[in-house]
Visitor: 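Before we start, here is the structure in question, set down as C-alpha cells.
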Protein chains: 2
Amino acid sequence: MNKIADEVKEMSADVVKVGLLGLGTVGGGVIKTIRSQQEKLTSRLGKRIEIVKALVRDSEKQRAVSLDRSVLTTDFDEVLQSDVDIVVEVMGGVEPTYEYVRALIEKGCHVVTANKELLAKKGTELVDLANRHHVHLAYEASVAGGIPILGVLRQFLRTNDITGVRGILNGTTNFILTKMETEQQSYHDVLKQAQELGYAEADPRSDVEGFDAMYKLYILAQLVYGESLPLEEVNRRGIADLTAGQIRMASELGYRIKLIAQAHRRGDGIRLSVEPTALPTSHPLAQIQDAFNAVQLSGNIVGDLLFTGRGAGELPTASAVVEDLAYLLTQPFIPHPAWKEREAATSSKEEVEGHSLCYLEGSGPAATPDQVLHFLRRAGVSVHKLKVQFDLGGVLRAGLITSGLEQEHADLLTSDFGLQVRCFPLLGDA
Amino acid sequence: MNKIADEVKEMSADVVKVGLLGLGTVGGGVIKTIRSQQEKLTSRLGKRIEIVKALVRDSEKQRAVSLDRSVLTTDFDEVLQSDVDIVVEVMGGVEPTYEYVRALIEKGCHVVTANKELLAKKGTELVDLANRHHVHLAYEASVAGGIPILGVLRQFLRTNDITGVRGILNGTTNFILTKMETEQQSYHDVLKQAQELGYAEADPRSDVEGFDAMYKLYILAQLVYGESLPLEEVNRRGIADLTAGQIRMASELGYRIKLIAQAHRRGDGIRLSVEPTALPTSHPLAQIQDAFNAVQLSGNIVGDLLFTGRGAGELPTASAVVEDLAYLLTQPFIPHPAWKEREAATSSKEEVEGHSLCYLEGSGPAATPDQVLHFLRRAGVSVHKLKVQFDLGGVLRAGLITSGLEQEHADLLTSDFGLQVRCFPLLGDA
C-alpha cells in the first residue's frame with residue numbers, strides 16, 4: 001500500500017485543479033467519486049485531481065462530504081479568479097449559470113457539465129464559444145446519467161447513418177408509470193410516494209411535464225443529426241393526466257405506456273417528440289422499469305442498439321461527470337462539431353399518423369359498445385383490437401387499437417356519446 | 001450532389017489503402033459498408049478508403065460483391081508486398097491467420113480483426129507485437145458484433161472499478177434456447193432449423209459447446225481486469241445436453257435458461273465461466289431473445305449498465321469493423337495496454353456455491369416425491385421452491401430451487417432413486 005502511495009506522490013508533482021459550481025446531490029457524488037477513485041485517476045492521468053474551489057449558496061450548511069472551509073465560497077468571482085484548470089458545473093438552471101460558464105470558458109477553463117437545460121437553451125452559443133477558446137466542453141452526464149451514450153455516438157457510431165433515436169430519458173416519470181401499473185394506484189398517490197422517496201422533486205413539473213426529457217432529446221438530436229429544433233417546436237406532452245384505468249386497459253391490450261422521447265428524420269427535416277406512448281409489452285423499451293433510463297439507436301448498418309442504466313441519482317451522474325473529466329484530460333483539444341438549430345420547423349407538431357391506442361370512458365345514454373363501434377365504422381376508423389367493459393351502471397370503458405381516428409372523431413365521441421377520449425401513439429408494430 | 005462529389009474528390013487526393021484477408025460473409029459486408037458509407041467516411045477521414053488487395057481461397061468464385069479481378073489474390077505474399085496501410089482480417093481461425101497478421105504488423109500495417117479465436121489464443125503476443133511496431137490492433141468486432149462494448153470499456157469506464165461482467169455473447173445458442181422454450185422443441189430439431197436458416201454452422205460445435213462465447217469472454221476479461229485466464233481454466237459447458245423438459249420446468253419455476261458468460265473477481269484471482277445458467281424471467285439478460293447479444297457491466301460508481309444489439313451477422317459485424325477502422329485512422333498511435341495471462345489459476349473450476357435450479361427425472365421404484373424430499377431434507381439440502389409432476393406411469397419430473405445440493409447428493413439421487421439430475425447455477429437472487 002505504502003509503495004503505491006509513494007509512487008502516486010512522485011507522479012503527482014503535477015496537479016489538476018478543479019473548481020465546482022454547486023455542491024448538491026451530484027456535486028457531493030463527484031467529490032466522493034474523485035476521492036474513492038483517486039488512485040486510479042492519478043495512475044491514469046499522471047496527475048492528482050484536487051478540488052480547489054466550490055461555489056455554494058450557503059458555506060455554513062452541514063454537508064455529507066467534508067471540504068476544507070477555505071475551498072467553499074459563495075462568490076463566483078473567487079472561482080473565476082482562482083487558478084482552476086477545469087470547472088465542473090452541477091448547479092443547474094440557466095441563470096446565472098450561463099454567465100458563469102461563459103466567463104470560465106473565456107478565461108480558458110475546460111467545462112464539464114451535467115446541465116441539460118443549459119445545453120438545450122444555450123448549447124449552440126457555448127459550443128461555439130468553447131471552440132473559439134480552444135477548451136473542452138464535456139456533457140456526457142447531461143443525458144441518461146451513467147450511460148455513455150454521447151461518447152458512443154461521437155466516437156463509435158460515426159460511419160452509420162442513424163435513422164432514429166428513441167428512449168426513456170426521465171427516471172422519475174418512468175418510476176411513476178411503473179408504480180401506477182404494478183400497484184394500480186392513481187398518478188397523485190404515486191407522485192406523493194415518489195416525492196417521499198426522493199425520486200421526485202417537491203416541484204415535479206420539469207419531470208412530469210416532459211421538460212427534462214425534452215432537453216435531453218434536444219442534446220441527442222444535436223449529436224445524431226448535427227442539428228436540433230427550437231424547443232417550442234418539440235411535440236411535448238407530460239404524464240400528469242394519465243389514469244390508472246388507461247394504464248390497466250393498455251396492459252389488457254398487451255401494451256405498456258411509457259414517456260418516450262423520439263427523434264427521427266422526416267422528409268428533409270427532423271421531428272422531435274416527448275409523449276406518453278403505447279409500446280407492445282415485448283418491446284425492449286417496455287421492459288425498462290422503475291427509475292432506469294434507456295436509449296435505443298437505429299443505425300443503417302449496425303441495426304438497433306439498446307443502452308440501459310440508471311439515468312439519475314448521485315452516483316450514476318457523478319460517474320459520468322468524473323469519467324468525462326478524466327477522458328478530456330487525456331485528449332488533445334479538437335473543435336467540437338458546431339451545434340445548429342433549425343430556425344423554422346415545418347409543422348413538426350402535426351398529429352401522429354398511423355396506429356394509436358385509444359381509451360374511451362363515459363356513461364352517456366348513447367355510450368353503449370354497439371353504438372360506439374357503429375359510429376367508428378361509419379366514420380371510417382379501423383379498429384384492430386378491442387377491450388370493452390360495460391357495467392350495470394351504464395359506464396363504458398373501452399380500449400381500442402385503431403387507425404384513422406382523428407381529432408374530429410374524438411370530438412364527436414365526446415359531444416355525442418359523452419365519452420372522454422385519450423389516444424396514445426403506438427411505437428413498434430400494432 | 002455534384003458539388004459534394006467534387007468536394008470529396010478534392011479532399012481525397014489522399015487515399016487509405018486497405019487490404020482484406022478473407023471475403024466471406026463479414027468480408028462482403030465490410031465492402032458493402034465501405035461502399036455505401038464512402039461519402040461519410042471520406043468527409044470524416046479526409047481520405048478515400050480503397051480496397052487494394054483481398055486474399056481469397058478461390059479467385060474464380062461467384063461473389064455477392066464485385067471486386068476488380070486484379071484486387072483478388074490467393075497468395076498472401078501479394079498482400080504483404082502490396083502498399084496497404086491497413087489490413088482487415090476476417091478470414092477467421094488461428095493458422096495460418098496468426099502468421100499473416102504477425103507479418104503484416106511487423107511490416108508496419110495497422111490491423112483490424114473480428115477474430116475472437118485468434119485474440120483469445122494469440123492476443124497477448126499480438127498486442128505486444130503491435131505495440132513494439134507502433135501500429136494499431138483494433139478488434140471491436142470480435143466481441144458482441146455491432147455493440148461498441150470494448151470502446152466503452154477502454155474510453156468511458158476507466159474511472160469505475162468494474163466489479164463484474166456477464167452477458168449473452170453467442171447469438172446461435174441464444175436463438176436455439178429461445179426456440180426450444182417458445183416452441184417446446186428438442187435441441188436437435190431446433191439446431192436443424194437454425195442450420196437451415198443460416199443461424200448455425202454445419203459444424204456447430206464452436207457455438208453450442210461454448211467455445212465462441214469463451215473466446216469473447218477472454219477478451220472482455222483482458223479489457224476489464226487487465227488480465228485473463230488460460231482458456232483451459234475457463235469453466236465452460238455448452239447447451240447440447242439441454243432438454244425441452246428442463247427448459248419448461250425452469251419456466252414453470254419463473255426462470256429462463258441462458259448460456260451466460262461471466263467474469264468476476266474472486267479473492268485476488270478472477271473466475272471465468274460460460275455455462276447454461278438459470279435467470280429469473282425478470283432479469284434483464286432473461287429478456288434477450290433470439291440471436292441478440294447483450295453485455296451487462298457492474299461499475300462501483302455507475303451501477304449496472306446493459307448493452308444490447310445484434311451480435312453477429314454480415315452487417316452488424318461489418319459495422320463494427322468499419323467503425324473501428326475509421327476510428328483508428330483518426331487517432332494517434334498510443335500503446336495498447338498489455339494483455340496478461342495468469343499462469344496458474346487457483347482452482348477457478350471449483351463448483352458453484354449458493355443456489356441452483358435442479359431438474360430431476362426418472363421412474364425408479366423409490367422415485368416418489370415424498371421419498372426424494374425426505375432424502376434431501378436428511379442430507380441437509382434446502383429446497384426453496386418446488387414443482388413436481390408425478391404421473392400414473394410412475395415417472396417423476398421435479399424442478400427445485402435448492403441450496404447445498406452437491407455432487408455426492410446428485411450421485412445418490414441417481415444410484416438410489418434412478419433419477420437423472422441436472423443442476424444449473426442461478427444468476428441474481430433466488
Side-chain angles (χ1 to χ4, degrees), chain A residues 29 32-34 36-38 40-41 44-45 140 144-153 155-161 282 284 286-289 292 294 296-297 299-310 313-327 330-332 334, chain B residues 29 32-34 36-38 40-41 44-45 140 145-161 282 284 286-289 292 294 296-297 299-310 313-327 330-332 334:
Chain A
K32 281 187 211 167
T33 301
I34 288 175
S36 77
Q37 308 304 101
Q38 184 69 267
K40 208 164 176 177
L41 285 163
R44 175 173 171 193
L45 304 173
E140 181 68 72
I147 307 171
I149 186 71
L150 306 184
V152 164
L153 281 166
Q155 305 286 13
F156 306 132
L157 287 175
R158 290 178 53 194
T159 303
N160 278 266
D161 299 329
S282 60
Q287 318 291 324
I288 309 304
Q289 298 285 62
F292 279 83
Q296 191 181 44
L297 300 171
N300 69 327
I301 312 292
V302 75
D304 284 355
L305 295 175
L306 183 72
F307 303 83
T308 310
R310 290 202 177 274
E314 180 189 10
L315 288 180
T317 309
S319 172
V321 167
V322 179
E323 292 282 2
D324 227 9
L325 187 149
Y327 179 69
T330 61
Q331 296 296 307
I334 297 169
Chain B
K32 282 186 209 165
T33 301
I34 288 174
S36 77
Q37 308 304 100
Q38 183 70 267
K40 207 163 178 179
L41 285 164
R44 174 173 172 195
L45 304 173
E140 182 67 73
I147 307 171
I149 186 70
L150 305 185
V152 164
L153 280 166
R154 287 191 62 185
Q155 305 286 14
F156 306 131
L157 287 175
R158 288 179 55 194
T159 303
N160 278 267
D161 298 328
S282 61
Q287 318 290 325
I288 308 304
Q289 297 284 61
F292 279 83
Q296 190 180 44
L297 300 171
N300 69 326
I301 313 293
V302 75
D304 283 354
L305 295 175
L306 182 73
F307 302 83
T308 310
R310 291 203 176 272
E314 181 188 10
L315 288 179
T317 309
S319 172
V321 166
V322 179
E323 293 281 3
D324 226 9
L325 187 148
Y327 180 69
T330 61
Q331 297 296 307
I334 298 170

Visitor: Does the plane of the ring in A/Tyr327 sit parallel, tilted or perpendicular to the ring in B/Phe156? Use 30° and 60° as the thresholds.
Guide: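 A/Tyr327 and B/Phe156: perpendicular rings.
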Visitor: Could you tell me which portion of A/Leu157 (side chain, backbone, both or neither) has an atom closer than 4.5 angstrom to a non-hydrogen atom of chain B?
Guide: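 Its backbone and side chain both get close to chain B.
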Visitor: Please state whether the side chain, the backbone, both or neither of B/Leu297 comes within less than 4.5 Å of a heavy atom of chain A.
Guide: neither
Visitor: I'd like to know which of A/Lys40, A/Glu314, A/Gln287, A/Lys32 tops the heavy-atom pair count under 4.5 Å against chain B.
Guide: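 Ranked by heavy-atom pairs under 4.5 Å with chain B, first place is A/Lys40.
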Visitor: Looking only at non-hydrogen atoms, find the nearest pair between A/Glu323 and B/Arg158 and report the distance.
Guide: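 Taking every non-hydrogen atom into account, OE1-N, 2.9 Å.
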Visitor: Of the non-hydrogen atoms in A/Pro148 and B/Val152, which two are nearest, and what is the gap between them?
Guide: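 Scanning both residues completely, I find the closest heavy atoms to be CG-CG1, 3.8 Å.
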Visitor: Pick one of side chain, backbone, both or neither for A/Ser36, based on which atoms fall under 4.5 Å of a heavy atom in chain B.
Guide: side chain
Visitor: Is chain A contacted by the side chain of B/Leu305, its backbone, both, or neither, given a heavy-atom distance below 4.5 Å?
Guide: both
Visitor: For chain A, which candidate among B/Val322, B/Leu315, B/Asn160 shows the most heavy-atom pairs at distances under 4.5 Å?
Guide: B/Asn160
Visitor: Can you tell me how far CD of B/Gln155 sits from OG1 of A/Thr330, rounded to the nearest 0.5 angstrom?
Guide: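 The OG1 atom of A/Thr330 sits 7.0 Å away from the CD atom of B/Gln155.
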Visitor: Can you name the ring-ring contact (aromatic ring centres under 6.0 Å, His included) partners of B/Phe307, sequence neighbours left out?
Guide: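 ring-ring contact (aromatic ring centres under 6.0 Å, His included) list for B/Phe307, sorted by chain: A/Phe307.
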Visitor: For residues B/Ile301 and A/Ser319, report the shortest heavy-atom separation together with the two atoms involved.
Guide: CG2-CB, 3.6 Å
Visitor: Taking the side chain as everything from C-beta on, heavy atoms only, tell me whether A/Gln37 gets closer than 4.5 Å to B/Asp161.
Guide: yes
Visitor: Shorter than 4.5 Å, heavy atoms on both sides: which option in B/Asn300, B/Ile147, B/Asp304, B/Asp324 has the most such pairs with chain A?
Guide: B/Asn300
Visitor: Counting heavy-atom pairs under 4.5 Å to chain B, which of A/Gly309, A/Pro316, A/Pro332 comes out on top?
Guide: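 Sorted descending by pairs with chain B, the first entry is A/Pro316.
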